[in-house]
Amino acid sequence: MALLEIKDLCISFGGLQAVQNFSISIEQNQLYGLIGPNGAGKTTVFNLLTGVYKPTSGSITLDGQGISGKSPMEINKSGIARTYQNIRLFSNMSVLDNVKVGLHNQIKYSAFSGIFRLPSYWKQEKLMNERALKLLKVFDLEHQSKNLSCNLPYGKQRKLEIVRALATNPKLLLLDEPAAGMNPNETAELMNTIKFIRDEFNIAILLIEHDMRLVSGICEQVAVLNFGSELTHGNTNEVLKDPRVITAYLGE
Amino acid sequence: MRKLFLKSIKSSTRNKFSTYIMVIAFFSIAAILVEAGILGSLFKGLLVPMCYYIILAVSLNLTVGILGELSLGHAGFMCVGAYVGGVFSILTKDIITSALIRFPLALVVGGLAAGLFGILIGIPILRLKGDYLAIVTLAFGEIIKKLVQNIYIIKDVTGFHFSFATSIDTSTIDSESKQVILNGPMSISGIPKNANIVIGVILVLITLFVIMNLVDSRSGRAFMAIRDNRIVAEGIGINITKYKLIVFSFSAFFAGVAGSLFAHFSTVDPTKFDYNLSILILVFVVLGGIGNIRGSVIAAVILYALPELLRSFQNYRMLIYAIVLIVMMILNNNEKFLRFKERFTFKRLFAKKHAKEDA
Amino acid sequence: MALLSINDIHVYYGVIEAIKGISFEVNQGEIVTLIGANGAGKTTILHTITGLIPPKSGLIELEGVDLTKTPAHKIVSMGIAHVPEGRRVFQQLSVYDNLLLGAYTRRDKAGINNTLSKVYESFPRLKERRNQVAGTLSGGEQQMLAMGRALMSAPKIMLLDEPSMGLSPLLVAEIFDIIKKVNESGVTVLLVEQNAKMALEIASRAYVLETGRIVMSGDAKELSTNDQVKKAYLGG
Amino acid sequence: MSFLNYLISGLSLGSIYALIALGYTMVYGIAKMLNFAHGDIIMVGGFTVFTAISSFQFSPAISIITGIIVCTVLGVVIEKVAYKPLRNASSLSVLITAIGVSYLLQNLALLIFGSSSQNFSSVVTMKPWQINKQLVISGETIVTIIVTTAIMIALTLFVNKSKPGKAMLAVSEDKGAAQLMGINVNKTISVTFAIGSALAAVAGILLCSLYPQINAYTGQMPGIKAFIAAVLGGIGSIPGAMIGGILLGIIENLSKAYISTQLADAISFAVLIIVLIIKPTGILGKKITEKV
Amino acid sequence: SGKKSDALVIGGIGPLTGENAQYGEAVRNGAQLAVDEINAAGGVGTNGMKLELNFQDDEGDSEKAVNAYNTLKDNGMQLLMGTVTSKPCIAVSEYTYSDNMFMLTPSGSAIDCTKYDNAFRVCFTDPTQGKSSAQYIGVNDLATKVAVIYDSSSDYSAGIYDAFVAEAKNQGIEIVITQAFTKDSKTDFSVQIQKVKESGAELVFLPIYYNEAALILQQASSAGVTAKVFGCDGLDGIINQLAGDASLAEGVMLLTPFSVNSSDETTKKFVSAYKTAFSNELPNQFAADAYDAIYAIKAALEQAKVTDLEIDASELCDLLKIAMTKINIDGVTGEMAWTAAGERAKDPVPMKIVNGTYVAM
Ligand SMILES: Nc1ncnc2c1ncn2[C@@H]1O[C@H](COP(=O)(O)OP(=O)(O)OP(=O)(O)O)[C@@H](O)[C@H]1O
Ligand SMILES: Nc1ncnc2c1ncn2[C@@H]1O[C@H](COP(=O)(O)OP(=O)(O)OP(=O)(O)O)[C@@H](O)[C@H]1O
Ligand SMILES: [Mg+2]
Ligand SMILES: [Mg+2]
């Protein structure tokens with residue numbers, strides 16, 4: 001059974017049909033790309049998947065469980081985490097704390113033990129620190145763990161956002177233009193990291209990207225959105241050769 | 001990795017302990033100087049108020065600084081604490097004769113009542129943000145003030161007599177056993193004056209302990225995450241409603257404790273608990289540094305004492321206070337001044353020493 | 001004489017020195033590009049030129065007038081337009097209002113209308129969405145708006161901070177085309193890009209930045225064949 | 001009949017709230033700050049006119065103009081001295097500074113004019129409008145309603161249609177980007193304060209004409225009420241301020257008339273809370289959708 | 001204590017800032033005038049002891065009043081003339097009692113202000129005023145249908161109101177309507193006035209201060225209310241507040257032991273001296289109470305034969321407590337004598353405003 005099943009997803013804003021009858025399914029451990037012209041509705045699909053917007057119609061199933069219409073919190077708990085197109089970090093918190101917030105539902109202790117510093121506090125905090133630092137290490141961020149997150153350069157902020165999302169232990173990770181603002185070298189590095197994450201954490205990844213090197217380099221499947229509806233989907237190499245995709249999106 | 005963890009624990013613990021020590025040192029030195037007659041009655045009289053203002057400022061900082069929601073109704077919670085705590089003491093004066101037991105109970109009862117109000121108020125306004133939330137808290141504070149101004153309770157042998165908005169017809173009341181508990185705008189009188197500096201300082205330390213530990217824990221990070229970016233916090237699986245309510249109730253609880261302490265020290269006058277008082281506490285929080293707990297402590301002490309120390313300026317006293325407030329605010333946000341200030345902090349001196357050691 | 005010349009500027013964020021003495025110039029009619037890794041200081045330089053951040057020392061001259069002594073809002077009317085990083089469109093205002101604000105310093109109604117129709121021509125999507133609130137535009141649409149807004153001031157020189165970020169491949173190509181066209185129409189361009197390949201293709205000269213310093217400079221074509229540059233910025 | 005009377009008196013009270021709320025909303029909408037000193041500028045406006053008439057024997061018209069000029073200048077000066085250094089500070093810092101300014105103005109007035117209330121003589125010469133034997137609308141009320149409506153329309157047009165108005169909106173959203181458009185941010189904010197303070201002066205003069213007393217604290221309570229009115233109507237929205245103000249006045253008077261005089265304020269606050277729970281950004285406030 | 005003065009230090013406490021500043025300022029002025037007069041006339045007692053007034057602001061707040069009290073103690077206060085408003089007065093009295101510091105409040109009218117034996121007052125208590133008002137209205141058949149407008153957020157106003165209601169019953173007065181207002185809405189009285197008008201009351205009882213009363217009179221007149229008006233000492237000063245149209249106050253009755261227009265020599269002297277000293281302002285009840293308070297203190301000091309400038313506050317208190325009950329002097333608020341409970345021995349008498357001046361009834 002597919003991990004994520006989207007069927008006939010629709011949403012409109014005022015008169016604008018931002019997403020229409022969008023359906024895809026993503027397998028366990030798959031790297032899936034979502035591409036399409038600007039304003040095609042890609043980010044909107046992410047917002048629908050994570051509960052930021054409520055779909056006008058359609059269904060979303062994760063692991064056999066219907067999640068459409070649920071709150072962002074519940075959806076995250078059921079296993080979807082994301083990054084944002086415009087970076088959104090907890091900017092007045094340290095890098096480490098950003099990740100620890102991500103671990104919020106993974107490693108728990110009550111407010112009461114927190115206040116009175118009961119043994120569970122010490123045990124769980126230690127665990128949390130270890131986990132957070134381990135995650136940061138994946139992106140070479142562990143040395144900056146004490147910096148305020150807003151003082152990181154752009155590229156590293158992007159990475160931190162991914163770490164934070166990973167910390168919530170998702171089954172499906174959504175990345176919205178992870179390579180934006182990165183130069184080719186950094187993008188290449190990011191590609192490796194994304195693959196590494198998929199293998200190491202054994203999760204599926206759905207990503208939006210305009211950098212075709214990244215998409216063709218790592219995505220097994222892609223779906224193409226155009227004006228809110230699906231143009232095509234399938235094997236990456238084939239899709240990218242599709243003349244309709246070339247005219248609508250890639251250009252020569 | 002382990003080292004890093006220990007280091008971070010150490011630094012936050014050190015930070016907390018230095019705050020506790022600062023509080024203890026300040027009040028002990030002050031008490032000694034007062035005993036020795038070096039500091040006069042005025043200073044002596046300021047110590048307990050300083051305690052409840054510290055508690056108020058620290059608890060408000062939890063809402064404003066850590067959760068990032070502006071509240072202009074803190075005085076309302078203080079009011080609930082003062083009334084409930086005060087009435088509790090009056091009613092139990094004959095039952096619990098030992099002040100040592102009764103007074104702490106009155107503090108807790110006052111705090112719990114206020115905490116309950118915090119939750120009651122918190123629930124409907126969770127949807128609101130920013131200035132809208134601020135205005136609603138202001139409105140709640142004013143409503144509480146208006147309500148307590150209109151409650152009349154008299155106790156006599158036949159039991160309790162309640163009235164709202166009009167005073168109780170005393171002709172039906174047994175004048176022998178009559179005990180006026182709440183008397184509308186005349187409010188409460190006869191609360192035993194149990195508050196003293198030792199209890200005050202203990203309460204300050206308890207407040208600091210609870211709030212600083214809370215902030216420096218899993219829940220505290222959730223508060224700050226909500227403050228920094230609500231949408232993301234939600235998307236990361238944080239239960240916004242739950243954590244906002246935790247903050248509102250803790251913040252209100254301690255404001256209530258402060259109110260109860262106040263009621264057992266000074267005179268309860270409902271008109272005191274208006275938005276001006278809430279704003280005064282907010283001034284402490286902002287000047288002490290938003291989110292900076294120790295700063296709130298320092299600011300509460302200095303700013304509460306300031307108008308008293310300016311008394312020799314006579315008519316110009318409040319004018320000067322206003323100017324000092326503005327100037328402090330401007331300087332606090334002036335980069336040059338901050339850099340200048342930094343050069344003289346202990347932290348910096350410390351850091352230098354450490355740097356040398358490391359090298 | 002250079003249209004824009006930057007002379008030994010030093011810029012600080014608090015105590016951190018982000019720009020450590022940089023000098024370069026942009027001549028009339030050129031496209032000059034600044035390339036460099038994340039955090040090299042490219043954005044900071046552009047901000048310094050348009051007066052959003054004051055330099056600690058150094059000289060910035062536009063046609064011989066010292067910009068470091070000119071208030072930020074006057075700099076635009078002297079002929080500099082800046083497409084800032086992160087777009088910074090006015091989220092609560094309509095697309096149309098955003099564009100009109102781009103022409104804030106201009107008074108000639110006819111000229112403004114003329115430019116407006118040119119912008120709509122370059123970005124038909126903006127025309128289609130002219131009454132939409134800018135904050136709800138997609139990322140790429142906002143990028144178009146930021147570009148269009150800058151064009152509205154009919155500048156002598158445009159500073160572009162990663163204009164291709166977040167744009168679809170088709171539009172990236174289009175944006176570079178537009179930059180070229182704009183340049184051909186007589187507007188000088190200072191371009192900051194992560195897409196160094198495309199940038200070097202259309203630029204005449206380039207400067208390479210590393211942690212607040214210029215480490216290399218020269219003809220764009222030459223640099224694009226330079227091994228070091230290739231390795232560091234063009235993906236090998 | 002008495003209902004109409006209560007309605008009219010509510011309208012009269014509400015139009016004053018509305019007038020003050022317009023200034024509040026204007027400054028809030030653009031400078032994004034709660035100018036808690038707004039009420040005190042109202043008081044300054046009142047005192048200026050009071051002094052102009054009683055000490056300098058100026059004619060009412062000239063006194064009004066003097067009042068407006070003094071407040072406008074004062075608003076701009078306050079902005080320059082106290083708020084401008086905090087341009088990059090948190091909005092709370094500015095709020096506290098505004099409170100400092102409010103204390104400052106109150107205490108200055110206390111020192112200059114003393115603590116007793118002074119008798120203000122109304123500058124409105126218009127005759128009351130006698131609808132029938134029972135219903136009378138005072139000249140002050142009519143003037144206030146006309147002035148408030150006119151200002152509301154003028155401000156709405158100015159902000160949404162004129163170029164400086166658009167510049168204000170741009171500044172309110174992103175000062176840096178506004179600068180890149182060639183907008184003089186400092187000047188724009190100064191102009192905002194100038195307009196806000198001029199409105200405060202007008203409000204102060206009408207307030208004191210309607211309730212002919214003035215002291216250092218005259219502006220405080222109306223200021224707070226108007227702030228509430230502005231939020232009720234949707235802070236930042238100019239027509240909202242007008243609606244909020246008038247509604248607040250009517251609610252206040254009707255609850256006095258039909259529920260309880262003691263609890264009238266508590267009731268208006270409760271209404272405010274209910275409105276905000278139903279509509280979290282006030283009656284006309286825009287729901288700001290944050291696109292992620 | 002830190003006494004640096006060569007005079008007997010009288011402390012004063014009252015609001016000099018905040019909404020009640022006008023009352024505190026009047027008290028300070030009245031007291032200062034008396035102190036200056038006494039010093040100029042050769043001081044107190046056989047050795048011509050000089051007096052000094054040290055007046056501190058309490059912003060009308062109990063907590064601040066205690067701070068002010070402590071400041072005064074640090075400054076060597078030997079006895080207290082204050083505090084001006086009731087709540088702070090009660091708060092401070094707890095301290096004066098435990099310190100055994102003599103206190104004479106000019107205007108703290110709540111019962112509890114003089115709960116302790118070291119505390120005395122110049123004004124009448126709230127219940128006394130409420131009761132006397134009802135009695136006067138009843139006995140003189142001024143009206144049987146009475147309306148009340150009072151400030152429900154003020155302990156002064158509510159205190160008088162409660163006593164008035166209680167006594168009204170005995171007097172066969174029917175209170176046809178009661179309207180309240182609060183500190184937060186005290187400019188627009190149109191609703192209250194409309195209600196009073198519709199109630200058919202023959203008389204409106206206003207146990208409030210003159211600022212609000214002036215607005216009520218103005219608004220009532222334009223609403224065409226014709227009922228008589230009766231008030232308490234808080235109404236004193238209302239003529240000044242109506243300078244625009246003093247005729248509005250015509251016929252207003254009030255219980256005030258003091259009247260600026262009195263032909264009494266002491267009062268005339270006081271009024272003219274006050275006007276000269278304080279930029280032509282007319283003294284009100286508060287100023288008069290304070291002025292009398294200082295003269296009462298002088299009389300008590302002389303009665304107790306205090307001659308030692310350095311006398312300890314507690315010792316002085318013991319002397320003055322007894323002396324206060326023995327003096328009997330004429331002040332601007334009438335004849336002054338005290339019971340051991342700290343109250344004036346005489347009941348308040350009403351006045352009426354006729355042709356813009358206060359006339360005894
Ligand atoms: N809240 C909203 N209100 C109105 N329109 C919206 C809203 N959110 C998105 N839109 C519109 O829906 C369309 C799809 O937007 P979306 O952000 O999903 O695009 P996208 O595919 O992510 O584009 P890009 O690649 O440029 O980021 C756009 O035209 C946008 O203007
Ligand atoms: N507001 C700020 N406060 C402190 N440091 C800053 C600030 N803005 C930038 N920096 C730092 O200044 C340096 C230069 O940043 P700048 O944004 O100019 O880099 P950039 O070359 O534009 O990078 P990118 O390609 O990521 O946009 C970086 O190290 C960055 O961390
Ligand atoms: Mg997008
Ligand atoms: Mg950049």
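The structure presented is a predicted model; accordingly, all values stated were derived computationally and were not measured. Letters A, B, ... mirror the listed sequences (proteins, then strands); counts begin at 1.
- Formation of a donor-acceptor pair under 3.5 Å by the Asp228(B) side chain with backbone atoms of Ser91(A) is found in this model.
- Of the residues considered (Ser219(B), Gly220(B), Gly291(B), Gly235(B)), Gly235(B) shows the highest number of contacts with chain A, using heavy-atom pairs under 4.5 Å.
- Listed by first and then second residue, the salt bridge (charged side-chain N to carboxylate O under 4.0 Å, His left out) pairs involving residues 108-121 of chain A are Arg117(A)-Asp216(B) (not counting sequence neighbours).
- Note that the CE atom of Met224(B) and the CG atom of Asp97(A) stand 6.0 Å from one another [nearest 0.5 Å].
- Using cut-offs of 30° and 60° on the angle between ring planes, the pair His104(A) and Tyr243(B) is perpendicular.
- Note on Glu234(B) versus Lys77(A): no salt bridge recorded, every NZ/NE/NH1/NH2 to OD/OE distance being 4.0 Å or above.
- Shown here for Met93(A) and Ala225(B), the closest heavy-atom pair between the two residues is SD-N, 3.8 Å.
- Counting only distance, with no hydrogens or angles, the side chain of Tyr121(A) and the backbone of Ser217(B) share no donor-acceptor pair below 3.5 Å.
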Q: Report the C-alpha separation of Arg218(B) and Tyr109(A) in whole Å, then their side-chain angles, then the decisive distance to 0.1 Å, and conclude whether the side chain to side chain contact (heavy atoms under 4.5 Å, CB included) test is met.
A: CA-CA 7 Å; Arg218(B) 178 172 165 267; Tyr109(A) 56 87; 3.5 Å; yes
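- Against chain B, the residues from residues 161-172 of chain A that qualify, each with a non-hydrogen atom under 4.5 angstrom away, are Arg164(A), Thr168(A) in number order.
- Looking at Phe223(B), there are no atoms closer than 4.5 Å to chain A (heavy atoms on both sides), in backbone or side chain.
- Both the backbone and the side chain of Ala111(A) come within less than 4.5 Å of a heavy atom of chain B.
- Here Asn213(B) contributes atom CG and Ser113(A) contributes atom OG; the two are 11.5 Å apart, rounded to the nearest 0.5 Å.
- Interface remark: Ile107(A) contributes backbone atoms only to the contact with chain B (heavy atom separation under 4.5 Å).
- The heavy-atom pair separating Tyr84(A) from Ile231(B) by the smallest distance is OH-O, 4.0 Å.
- Closest of all the heavy-atom pairs between Val101(A) and Ile236(B) is O-CG2, 3.7 Å.
- Counting heavy atoms from C-beta on, the side chains of Phe250(B) and Ile115(A) come closer than 4.5 Å.
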